[in-house]
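Below is one structure, written out as structure tokens, with a few remarks after it.
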Amino acid sequence: MVKPQTYRYQNQNMKEIPWCSAVLTAANVIIFLVCQFTGDWLYIKGEFGAFYLIRSQEYYRLVTAMFLHADISHLVNNMILLYFGGEIVEKTIGSVRYLVLFFVSGICGNLLTAIFEVSTGMYFNSIGASGAVFGLIGGLLYLVITRKGYAAQISVRRMILMIALSLYSGFQSVRVNNAAHLGGLLSGFLITFILCHIGKNVGENHYHV
């Protein structure tokens, strides 16, 4: 016979799992594996570019491009940041706000990409969750600065150094969409600020301290 406290312990362990981060990571991995068997079909259907918005009004690409990755290193780099960085954000602001942050910052990253393309006349197609991932990083920066929940354990200096190195690596690399990185980072910081103030209105119990 299992004692009642065993169930409580198991339920607590289940609550500690960052379900949204885990599901988003799994979805990206599964889609990448599917792409290995479907060739360029999913890439053609889901990649993002300003051309698709202006000429075809294919707005769904703002989201679908976030789940496509060029190669294994592209996938692994994004998924490590998504899961481990996202875990802290999700546990601090809650699953619903976390999903809002992920998708809105990813869309903002792609929109800034479109603005960059139109303003420079340099049109290209892009894929990857980097905009959304940088949105999580921007959100984490806000949580670290304001010392909220699990993020209070991270120093501001360490956080800024990580962001600086990530941005520097992007600008030093070729075929990297830095506009999406910047768009995601800035919008993620702002969105988290807004979500945290909304959280204050409905109750601070959403934050785990």
Side-chain angles (χ1 to χ4, degrees), residues 20-21 23-32 34-35 38 40-71 73-83 85-86 89-90 96-142 163 166-195:
C20 292
S21 298
V23 170
L24 288 171
T25 300
N28 275 277
V29 172
I30 291 171
I31 292 173
F32 178 78
V34 171
C35 287
T38 58
D40 292 334
W41 186 77
L42 278 179
Y43 291 110
I44 293 172
K45 293 294 184 180
E47 65 190 2
F48 176 78
F51 180 86
Y52 293 113
L53 291 185
I54 298 171
R55 296 291 182 86
S56 307
Q57 289 79 52
E58 297 178 4
Y59 303 111
Y60 67 89
R61 292 178 182 271
L62 288 165
V63 175
T64 56
M66 294 159 50
F67 291 89
L68 298 171
H69 291 83
D71 52 43
S73 63
H74 186 205
L75 175 72
V76 170
N77 289 337
N78 276 344
M79 292 307 100
I80 289 175
L81 289 173
L82 169 58
Y83 185 82
V89 177
E90 183 178 350
V96 174
R97 289 176 174 81
Y98 173 84
L99 289 175
V100 171
L101 172 62
F102 179 86
F103 283 103
V104 175
S105 58
I107 290 172
C108 287
N110 283 332
L111 287 175
L112 186 60
T113 298
I115 293 172
F116 174 80
E117 291 181 46
V118 173
S119 61
T120 61
M122 298 171 56
Y123 293 91
F124 53 85
N125 298 327
S126 60
I127 55 176
S130 299
V133 169
F134 267 86
L136 296 179
I137 294 175
L140 182 57
L141 175 62
Y142 176 81
I163 292 173
S166 297
L167 290 175
Y168 176 79
S169 175
F171 280 107
Q172 291 300 308
S173 303
V174 295
R175 298 174 63 85
V176 172
N177 186 356
N178 291 297
H181 292 181
L182 290 172
L185 179 67
L186 296 175
S187 62
F189 186 92
L190 177 60
I191 292 165
T192 305
F193 167 79
I194 295 171
L195 291 175

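As a basis for the values below, the full set of heavy atoms in this structure was taken, side chains included, without hydrogen atoms, waters or symmetry mates. Residues: numbered from 1 along the sequence shown.
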Are any of the side-chain heavy atoms of L81 and L136 separated by less than 4.5 Å?
no
Residue pair F116 / T120: nearest heavy atoms and the distance that separates them:
O-OG1, 2.6 Å
With side-chain contact (heavy atoms from CB on, under 4.5 Å) as the test, would you mind laying out the steps for F189 and I137 before giving the verdict?
CA-CA 8 Å; F189 186 92; I137 294 175; over 6 Å; no
Rounded at 0.5 Å granularity, tell me how far SG in C20 sits from CG in L82.
10.5 Å
Could you report the tightest heavy-atom contact between S105 and I191, atom names first, then the distance?
N-CD1, 3.8 Å
Side-chain atoms of residues 43-50: list all donor-acceptor pairs with protein atoms under 3.5 Å, sequence neighbours left out, distances to 0.1 Å.
{"from": "Y43", "atom 1": "OH", "to": "H69", "atom 2": "O", "distance (Å)": "2.7"}
{"from": "E47", "atom 1": "OE2", "to": "Y52", "atom 2": "OH", "distance (Å)": "2.9"}
{"from": "E47", "atom 1": "OE2", "to": "N125", "atom 2": "ND2", "distance (Å)": "3.2"}

Are C108 and V104 packed together at the side-chain level, in the sense that at least one heavy-atom pair is separated by less than 4.5 angstrom?
yes
Rounded distance (nearest 0.5 Å) linking atom CD1 of I107 with atom CZ of F102
10.0 Å
Non-hydrogen side-chain atoms of L112 and L186 separated by less than 4.5 Å
no
Closest heavy-atom pair and its distance - T192, G139
OG1-CA, 2.9 Å
For residues F124 and T113, determine if any side-chain heavy atom of one lies less than 4.5 Å from a side-chain heavy atom of the other.
yes
Where do H181 and V176 land on the side-chain contact (heavy atoms from CB on, under 4.5 Å) test, with the steps shown first?
CA-CA 9 Å; H181 292 181; V176 172; 3.5 Å; yes
Approximate separation, where rounding is to 0.5 Å, of M79 CE and S21 OG:
10.5 Å
Considering all heavy atoms, the nearest L53-A114 contact:
CD1-CB, 4.3 Å
Indicate the atoms forming the closest heavy-atom contact of C35 with L68, along with that distance.
SG-CD2, 3.9 Å
Do you know which two heavy atoms are closest between M66 and F103, and how far apart they sit?
CE-CD2, 3.9 Å
Answer whether the closest heavy-atom distance between the side chains of V133 and N77 falls below 4.5 Å.
no
Out of curiosity, N178 CG to Q172 CD, how far, rounded to the nearest 0.5 Å?
9.5 Å
Would you please test F171 and L182 for side-chain contact (heavy atoms from CB on, under 4.5 Å) and show each step?
CA-CA 11 Å; F171 280 107; L182 290 172; 4.0 Å; yes
Side chains of L167 and I163 in contact at under 4.5 Å (non-hydrogen atoms):
yes
Approximate separation, where rounding is to 0.5 Å, of N110 CG and L62 CG
5.5 Å
Is there a side-chain contact between Y83 and N28 in this structure, where contact means two heavy atoms from C-beta onward sitting under 4.5 Å apart?
no
Any residue meeting side chain to side chain contact (heavy atoms under 4.5 Å, CB included) with A70, in chain and number order, not counting sequence neighbours
H74, I127
In terms of ring plane angle, is the pair Y142 and F193 parallel, tilted or perpendicular, where the classes change at 30° and 60°?
perpendicular
